[in-house]
Visitor: 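One structure, pasted below without further comment.
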Amino acid sequence: MAPLTNAAIAQALDELGDLYELDGTESYRVIAYRNAARTVRDAAVSVAGMVREGRATELNGIGRTLDTKLRALLEDGDIPKSRELRSKFPPGLIAVMHLPGFGPKRARRLYDELGIDSLEALRDAAGEGRIRSLRGFGAKVEDNLLKVLADGHDGGPQPRILLPRALGLAEQIAGALAGVPGADRVEIAGSARRLADSVKDIDVIATAADPGALVRTLADLPLIESMGTPGDNAARATTHTGMKVDLQVVEPDQFGNVLQHLTGSKAHNVALREAAVRRGLHVSQYGILDDASGETIRCPTEEEVYATLGYAWIPPELREGRGELEAARLDGGAGLPDLVTVEDLKGDLHCHTTASDGRASVEQMARAAMDRGLEYLAITDHSASHGFGNAVSADQLLEQAARVRELNATLDGFELLIGTETNILPDGSVDYPDEVLAELDWVIASVHTSFGMAQDEMTARMVAAMEHPLVDAIGHPTGRKIETRPPYALDVEQVIDAAARTGTMLEVNSAGDRRDLNDVYARAAAEAGVPILIDSDAHAVANLAIVRWGVATARRAWLTADQVANTRPWAQFAPMRKRARA
DNA sequence: GCCGTTTTCGGCCCGACTGTTTTCAGTCG
């Protein structure tokens with residue numbers, strides 16, 4: 001049987017949590033399953049492997065009971081308790097439970113009292129007015145339910161907006177509000193501020209002499225489609241693209257508390273508050289209640305919030321409950337990393353031109369890179385067997401190499417490199433002859449075909465490519481597309497090991513729908529000593545700027561400038577290439 | 001179910017909102 005992926009294990013734990021919740025078990029057990037599922041999903045190493053080695057309880061939130069259940073899952077393909085509870089509740093009930101406004105209690109009563117076992121049965125019952133007959137349910141619940149179903153909710157996770165688009169909206173809104181006379185501080189909070197892969201809604205927090213003016217300005221913005229009923233100090237709006245926007249205008253003396261609270265993440269805040277309780281402090285968005293004095297400490301800035309709790313200020317990108325609190329402790333923490341910035345980047349090692357599927361010439365890309373202040377740029381058009389855009393034959397590539405070298409000779413203080421993004425074929429070979437690759441300055445190898453291979457085959461394919469002495473780096477190593485395509489089946493742990501062993505760099509591709517490696521894997525790779533690249537993969541001049549998103553992922557991966565290879569000047573980067581070390 | 005600078009037992013973040021209710025349960029972030 002194929003080894004279970006972390007995603008599959010996490011799904012099994014979430015399912016059992018759902019079933020326990022329907023069964024009415026105590027809530028802390030359900031929370032424990034959700035926490036464990038999250039830990040497994042975020043793990044950079046194979047959890048199945050850890051279970052087999054008897055090390056699963058080293059993972060945060062996995063104890064002896066869960067270890068036993070995971071063993072059963074790996075050995076028999078299922079958890080006995082899951083099997084038992086599945087026979088007790090119809091599968092459609094979990095979807096009912098996950099509808100907005102519903103939960104385990106309501107789903108259970110609908111099942112027990114009306115026999116509702118699916119979304120279809122629920123829709124029928126609501127249409128016939130049977131829901132409102134139940135005690136505790138009324139006409140409003142029924143109306144809202146029909147609306148939710150009409151909106152296409154199916155009890156699954158709601159689609160999220162990619163960060164570039166969401167942050168673009170948020171920055172427009174915050175910028176407009178900051179320009180209102182009397183507006184003081186205006187900040188974006190939430191997952192957009194943490195630069196997460198995707199965002200559900202936008203939170204904006206402000207201080208202002210005239211809060212009403214901010215609310216009115218928000219309502220009048222062209223990108224706003226509708227407003228909920230605005231209060232004096234808060235409003236909820238919806239953009240034409242369907243994004244929810246929450247604005248809160250708060251008192252200056254608790255701005256830090258609110259900003260910290262609304263930036264999250266939930267996991268970070270829970271960990272922060274649990275640690276605070278042990279020290280007699282209770283954290284909320286309104287302040288920090290000190291048990292000893294009975295006083296509530298209000299903080300104008302986030303720095304004061306963290307300092308009051310005994311921590312250095314923590315960059316939002318790190319607030320995911322992944323060890324940042326321990327590192328930030330003022331009394332003996334290891335210290336937080338000095339995170340890489342866009343300004344640290346000295347070169348871009350992955351871009352395309354009209355030779356393959358780009359929209360600009362070599363010269364245009366080079367000039368644009370120089371205008372951005374970069375010191376080097378590698379032209380890496382797609383290779384001979386590429387299926388879309390123009391395929392570049394070996395001869396064409398060599399001709400392009402000559403042109404690039406000629407142009408490079410005319411560029412003062414800039415290194416224009418000729419490279420390629422060569423395809424990794426299913427057998428792990430690449431699609432140019434070695435003699436051609438040897439003529440180049442730089443080679444990225446990427447998978448663009450046969451995504452459906454089994455994990456061991458795909459891993460072997462990737463490792464074989466890394467064994468190639470002329471492959472300097474692997475592009476978008478897991479192939480995921482955020483919100484639309486899962487990564488291909490890949491043992492990333494093995495890929496990282498092979499990268500470290502062979503001296504192959506791993507890319508964090510900056511495309512807003514890729515950001516691949518992701519934050520978890522990029523962190524693991526850097527910790528294993530693998531040099532990380534942050535590349536634009538630009539297909540047009542303007543796209544060179546999207547390294548912003550790659551840097552965002554790198555920061556969420558705790559990366560310092562030193563761990564990112566292309567923060568170095570060319571003279572230091574050049575000898576790091578595998579071809580220069582042979 | 002997990003976990004330990006009070007604890008191997010007894011805790012486990014904090015508050016808002018909604019809809020249904022005469023005081024609160026359930027859900028959400």
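What's counted below: heavy atoms across the whole structure, side chains too, no hydrogens, waters or symmetry copies.
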Visitor: Whole angstroms only, please: what is the CD-P distance between Glu58(A) and dC2(B)?
Guide: 15 Å
Visitor: Rounded to the Å, how far apart are Ile31(A) CD1 and dC3(B) C1'?
Guide: 14 Å
Visitor: From CZ of Arg135(A) over to C1' of dT23(B), roughly how many Å is that when rounded to an integer?
Guide: 14 Å
Visitor: Checking Arg130(A) now: which residues fulfil salt bridge (Lys or Arg N to Asp or Glu O under 4.0 Å) with it, not counting sequence neighbours?
Guide: Glu128(A)
Visitor: Quickly work out the Leu16(A) CG to dC2(B) C1' distance and round it to whole Å.
Guide: 15 Å
Visitor: Using a heavy-atom distance cut-off of less than 4.0 Å, which residues of residues 79-99 of chain A contact DNA chain B?
Guide: Leu99(A)
Visitor: Using a strict 4.0 Å threshold on nitrogen-to-oxygen distance, state whether Asp519(A) and Arg322(A) make a salt bridge.
Guide: yes
Visitor: Distance between the P atoms of dC12(B) and dT5(B), in whole angstroms?
Guide: 16 Å
Visitor: Using atom CZ of Arg236(A) as one end and atom C1' of dG29(B) as the other, report the distance to the nearest whole Å.
Guide: 10 Å
Visitor: Send over the distance from Leu262(A) CG to dC28(B) C1', rounded to a whole Å.
Guide: 13 Å
Visitor: Just jot down the salt bridge (Lys or Arg N to Asp or Glu O under 4.0 Å) partners of Glu493(A), sequence neighbours excluded, or say none.
Guide: none
Visitor: With sequence neighbours excluded, tell me which residues meet salt bridge (Lys or Arg N to Asp or Glu O under 4.0 Å) with Glu320(A).
Guide: Arg194(A), Arg556(A)
Visitor: Which whole number of Å gives the distance between the P atom of dG26(B) and that of dT20(B)?
Guide: 14 Å
Visitor: Considering Watson-Crick and G-U wobble pairs with both distances under 3.5 Å, what does dG19(B) pair with?
Guide: dC24(B)
Visitor: Using a heavy-atom cut-off of under 4.0 Å over every strand shown, decide if Ile62(A) touches base, sugar-phosphate, or nothing.
Guide: sugar-phosphate
Visitor: Yes or no on side chain to side chain donor-acceptor pair (under 3.5 Å) for Asp516(A) and Thr478(A), after CA distance, side-chain angles and deciding distance?
Guide: CA-CA 6 Å; Asp516(A) 177 15; Thr478(A) 75; 2.9 Å; yes
Visitor: Scan Arg64(A) against the nucleic acid and name what it touches under 4.0 Å (heavy atoms): base, sugar-phosphate only, or nothing.
Guide: sugar-phosphate
Visitor: Any ion pair linking Lys81(A) and Glu84(A) (charged N to carboxylate O, less than 4.0 Å)?
Guide: yes
Visitor: Which atom pairs, donor and acceptor, lie under 3.5 Å between side-chain atoms of residues 159-174 of chain A and protein residues at least two apart or in another chain?
Guide:
from, atom 1, to, atom 2, distance (Å)
Arg160(A), NE, Ser198(A), OG, 2.9
Arg160(A), NH2, Ser198(A), O, 2.9
Glu171(A), OE2, Arg548(A), NH2, 2.5

Visitor: Heavy atoms under 4.0 Å, any strand shown: does Lys244(A) hit a base, just sugar-phosphate, or nothing?
Guide: nothing
Visitor: Output the rounded distance in Å from CD (Glu21(A)) to P (dG1(B)).
Guide: 14 Å
Visitor: Check the interface with nucleotides 16-19 of chain B: list each N/O to N/O pair with the protein under 3.5 Å, or write none.
Guide:
from, atom 1, to, atom 2, distance (Å)
dA16(B), OP1, Tyr286(A), OH, 3.0
dG19(B), OP1, Asn144(A), ND2, 3.0

Visitor: For Asn60(A), which contact category applies under a 4.0 Å heavy-atom criterion: base, sugar-phosphate, or nothing?
Guide: sugar-phosphate
Visitor: Between Glu142(A) and Ala32(A), which has a closest nucleotide on DNA chain B that is more 5'?
Guide: Ala32(A)
Visitor: Which residue pairs satisfy the side-chain hydrogen bond (donor to acceptor under 3.5 Å, both in side chains) criterion with at least one member in residues 88-100 of chain A, sequence neighbours excluded?
Guide: Asp18(A)-His98(A), Asp23(A)-Lys88(A)
Visitor: Apply side-chain contact (heavy atoms from CB on, under 4.5 Å) to Ala234(A) and list each qualifying residue two or more places apart in sequence or on a separate chain.
Guide: Gln248(A)
Visitor: For nucleotides dG1(B) and dT8(B), find the distance between their C1' atoms and express it as a whole number of Å.
Guide: 15 Å
Visitor: Measuring only the P atom in each nucleotide, how far is dG4(B) from dC13(B)? A whole number of Å is fine.
Guide: 14 Å
Visitor: Mark yes or no: Arg515(A) above the aromatic ring of Trp549(A), with NZ or CZ under 6.0 Å from the six-membered ring centre and no more than 45 degrees from the axis.
Guide: no
Visitor: Taking side-chain contact (heavy atoms from CB on, under 4.5 Å) as the test, write out the residues that go with Arg106(A), two or more places apart.
Guide: Phe102(A), Phe137(A), Val141(A)
Visitor: side-chain hydrogen bond (donor to acceptor under 3.5 Å, both in side chains): which pairs involve residues 216-226 of chain A, sequence neighbours left out?
Guide: none
Visitor: side-chain contact (heavy atoms from CB on, under 4.5 Å) with Ala219(A): which residues, sequence neighbours excluded?
Guide: Met227(A)
Visitor: Using atom C1' in both nucleotides, what's the gap between dG11(B) and dT6(B) to the nearest angstrom?
Guide: 11 Å
Visitor: Just the table, please: protein N/O against nucleotides 9-14 of chain B N/O, every pair under 3.5 Å.
Guide:
from, atom 1, to, atom 2, distance (Å)
dC12(B), O3', Glu274(A), OE2, 3.1
dC13(B), OP2, Glu274(A), OE2, 2.0
dC13(B), O2, Arg273(A), NH1, 2.7
dC13(B), N4, Lys266(A), NZ, 3.3
dC14(B), OP1, His282(A), ND1, 2.6
dC14(B), O4', Arg273(A), NH1, 3.3

Visitor: Work out how far the P atom of dC17(B) is from that of dT23(B), and round it to whole angstrom.
Guide: 23 Å
Visitor: Using heavy-atom distances to pick each residue's nearest nucleotide on DNA chain B, tell me which of Gly61(A) and Phe102(A) is more 5'.
Guide: Gly61(A)
Visitor: Could you state the atom-to-atom distance from CD of Gln254(A) to P of dG15(B) in whole Å?
Guide: 12 Å
